[in-house]
Amino acid sequence: MDFALTEEQRMIQEAAREFAENEIAPVAAHHDETRQPPLDLVRKLGELGFLGMNVPDAYGGAGLDMVSYILAVEEVSRACASTGIIMSVNNSLVCFPIETYGSEDQKQRYLPKLTKGEWLGAYALSEPGTGSDAANQKTVAVRDGDAYVLNGTKNFITNGGFADIFVVFAMTDTAKRVKGITAFIVEKTTPGFAVGKREKTLGIRASSTVEIVLTDCRVPVANMLGGEGGGFRVAMSTLDGGRIGVAAQAIGIARAAMEESIRYAKERQAFGQPIGQFQAIQWMLANMATEIDAARLLTLRAAATKDAGQRYTTEAAMAKLFASEVAMRAVKDAVQVHGGYGYLADFPAERHYRDAKITEIYEGTSEVQRLVIAQGLLKE
Ligand code: CAA
């Protein structure tokens, strides 16, 4: 077993860190406060190759492995969790299914734009009444000549306010439940496609979480992804990779919280010495460091399993479950280390506290991750 990164992985990590520290971190609080997505920075991420990291060079991607990708997501999320999820959705939830299940024509049409950040993508699975029970889709797609006519409402769609294309899931045969779900690539300019209300979220405020309304939205048959009735497999296998990305995002947030805590513990004086001299503070820092390392190792294992071409459903679920819970503990302790100042928006600990929570919810709640892990155990 080798725990060392390759030279290339270290270079990608370094490049992501440099960009995140120099360009993203200085404006993260501003974007959080104004809820404005940092689209100029996202486009730059595209120019640097961070928006289609695992897509082969032939389609405009960086052709890198999953390990490199999650290292980059951690660095970006450490600076700004909103930018981290914008990047992760584009890579994991949009480029991946198009590259894996798309026709040659779909790959040629969409991947070069998505990988460069000329277009951005979103993933539309959830509905107002359909979250964890993802197979319970109410959006319908009815075949009409050379198109499917989509009707329904999607919600909690990350990137939805600015995305150009959407991977949308709909029922083509309601009688068949999971086998009756089909995926489509829907362009935002398609008549009948509308972006609805933008949600006011607790954290990741500079991301865009919206409702999507489909009203007699005619999507060409050529935009079906993964075949009729193959949508649930597309959805689940895509989320497997997405969950590794969210785990990396959680680690980035936790690391930022820990680093802020260490800095503060060295500066803040109480009872005549820096508070870092007190065991109460030291134990919190030690727990953060240990748990973050453990979460990163689980996440790297999930990524390496994917890179090895093996099934990684369980590994991804374990990584996301653990990393998101580690992030929650780290941000809670970070606020505590900062005392009253941790409760103020003037210090980044407050933003990390709000940002961490979503990692326990989206791309499958912690309860869903436990379900997936248990199902894997019981199948063996
Ligand atoms: N890969 C490939 N196929 C898979 C799969 C996977 N990981 N998981 C399940 N399948 C297949 C199964 O093999 C099965 O097919 P067969 O019948 O041919 O064997 C079929 O799918 C049905 O599987 P299940 O019986 O396990 O399905 P279920 O209805 O019981 O669902 C679940 C299980 C794990 C709870 C699933 O519904 C789930 O993951 N729910 C959570 C949904 C989720 O994560 N939503 C997040 C929304 S997206 C988001 O948050 C993105 C964002 O904007 C940031």
Side-chain angles (χ1 to χ4, degrees), residues 3 5 9 12-13 16-17 20 50 53-54 64-96 123 132 158 203-204 207 236-258 287-308 310-332 352 355-374 376:
F3 285 98
L5 299 176
Q9 289 162 348
I12 301 299
Q13 184 183 41
R17 183 174 303 165
F50 289 115
M53 292 186 68
N54 305 135
L64 294 164
D65 60 9
M66 190 71 179
V67 167
S68 301
Y69 164 56
I70 64 122
L71 293 170
V73 173
E74 177 184 330
E75 295 303 327
V76 170
S77 304
R78 170 181 169 240
C80 170
S82 298
T83 312
I85 196 62
I86 295 170
M87 169 188 173
S88 179
V89 166
N90 201 74
N91 276 279
S92 296
L93 301 188
V94 184
C95 287
F96 173 83
Y123 178 86
S132 294
T158 309
I204 55 161
S207 71
M236 291 297 113
S237 59
T238 296
L239 283 169
D240 283 344
R243 287 166 183 168
I244 310 178
V246 173
Q249 183 201 24
I251 296 164
I253 298 168
R255 202 174 117 216
M258 178 182 74
N287 285 343
M288 286 184 209
T290 307
E291 292 197 346
I292 289 169
D293 260 13
R296 189 183 293 108
L297 287 171
L298 268 184
T299 306
L300 285 170
R301 182 189 64 164
T305 307
K306 183 171 188 290
D307 284 333
Q310 293 159 13
R311 181 88 189 247
Y312 52 95
T313 301
T314 300
E315 287 79 0
M318 285 180 171
K320 181 186 179 292
L321 170 66
F322 190 72
S324 59
E325 296 191 348
V326 163
M328 284 303 289
R329 286 193 287 273
V331 297
K332 176 176 138 311
H352 303 322
D355 284 343
K357 182 59 197 173
I358 191 60
T359 64
E360 288 188 318
I361 299 173
Y362 59 21
E363 304 199 28
T365 60
S366 294
E367 292 70 27
V368 162
Q369 306 312 321
R370 287 190 169 89
L371 205 74
V372 170
I373 295 162

Scan side-chain atoms only and decide if Asp65 and Ser68 contain a donor-acceptor pair under the 3.5 Å cut-off.
-> yes
State, to 0.1 Å, how close Ala323 and Ala247 come at their nearest heavy-atom pair, and which atoms those are.
-> CB-O, 3.6 Å
To the nearest 0.5 Å, tell me how far Glu315 CD sits from Leu300 CG.
-> 13.0 Å
Is Phe322 close to Thr299 at the side-chain level, that is, under 4.5 Å between some pair of heavy atoms?
-> no
Whether Ser207 side chain and Ile204 backbone form a donor-acceptor pair below 3.5 Å = yes
Would you check if the side chain of Ser88 reaches a backbone N or O of Gly84 as a donor-acceptor pair within less than 3.5 Å?
-> no
So, for Ala317 and Val372, which heavy atoms are closest and what is the spacing to 0.1 Å?
-> CB-CG1, 3.9 Å
Residue pair Met87, Thr83: steps toward the side chain to side chain contact (heavy atoms under 4.5 Å, CB included) verdict | CA-CA 6 Å; Met87 169 188 173; Thr83 312; 5.6 Å; no
Distance, nearest 0.5 Å, that separates CD of Gln9 from CG of Leu71 = 6.5 Å
Which atom names give the shortest non-hydrogen contact between Gly242 and Leu93, and what distance separates them?
-> CA-CD2, 4.0 Å
Can you name the closest pair of heavy atoms from Ser366 and Ser324 and give their distance?
-> OG-OG, 4.1 Å
Between Gln249 and Asp355: side-chain donor-acceptor atoms closer than 3.5 Å = no
Only residue of Glu360, Lys320, Met318 satisfying side chain to side chain contact (heavy atoms under 4.5 Å, CB included) with Gln369 is Lys320
With a 3.5 Å cut-off and no angle check, do the side chains of Tyr69 and Ser92 form a donor-acceptor pair?
-> yes
Determine, step by step, whether Arg78 and Ile253 satisfy the side chain to side chain contact (heavy atoms under 4.5 Å, CB included) criterion, reporting the C-alpha distance in whole Å, the side-chain angles of both residues, the deciding distance to 0.1 Å, and the verdict.
-> CA-CA 5 Å; Arg78 170 181 169 240; Ile253 298 168; over 6 Å; no
At what distance, to the nearest 0.5 angstrom, does CD1 of Ile70 lie from NZ of Lys306?
-> 11.5 Å
Minimum side-chain heavy-atom gap Tyr123-Leu239 below 4.5 Å | yes
Got Ser132 and Glu367 here, is their nearest side-chain heavy-atom distance under 4.5 Å?
-> no
Could you pull out the closest heavy-atom pair between Ala20 and Ala79, with the gap in Å?
-> O-CB, 3.6 Å
Any side-chain heavy-atom pair of Asn91 and Phe96 under 4.5 Å = no
Output the distance between atom OG1 (Thr158) and atom CD1 (Ile86), rounded to the nearest 0.5 Å.
-> 9.5 Å
Would you indicate whether the side-chain heavy atoms of Val326 and Met288 approach each other to under 4.5 Å?
-> no
For the side chain of Thr305 and the backbone of Arg301, is there at least one donor-acceptor N/O pair under 3.5 Å apart?
-> yes
Do Glu75 and Gln13 touch side chain to side chain, with heavy atoms closer than 4.5 Å?
-> yes
Backbone N/O of Glu363 and side chain of Arg243: donor-acceptor pair under 3.5 Å | yes
Check: Asn54 and Cys95 side chains under 4.5 Å, non-hydrogen atoms | no
Rounded to the nearest 0.5 angstrom, the CD-CD1 distance for Glu291 and Ile251 is 12.0 Å
Decide side chain to side chain contact (heavy atoms under 4.5 Å, CB included) for Phe50 and Val73; before the verdict, give the C-alpha distance in whole Å, the side-chain angles of both, and the deciding distance to 0.1 Å.
-> CA-CA 9 Å; Phe50 289 115; Val73 173; over 6 Å; no
Arg17 CZ to Ile12 CD1 distance, which is reported to the nearest 0.5 Å | 13.0 Å
Is Ser77 reaching over with its side chain to a backbone N or O of Cys80, donor-acceptor style, under 3.5 angstrom?
-> no
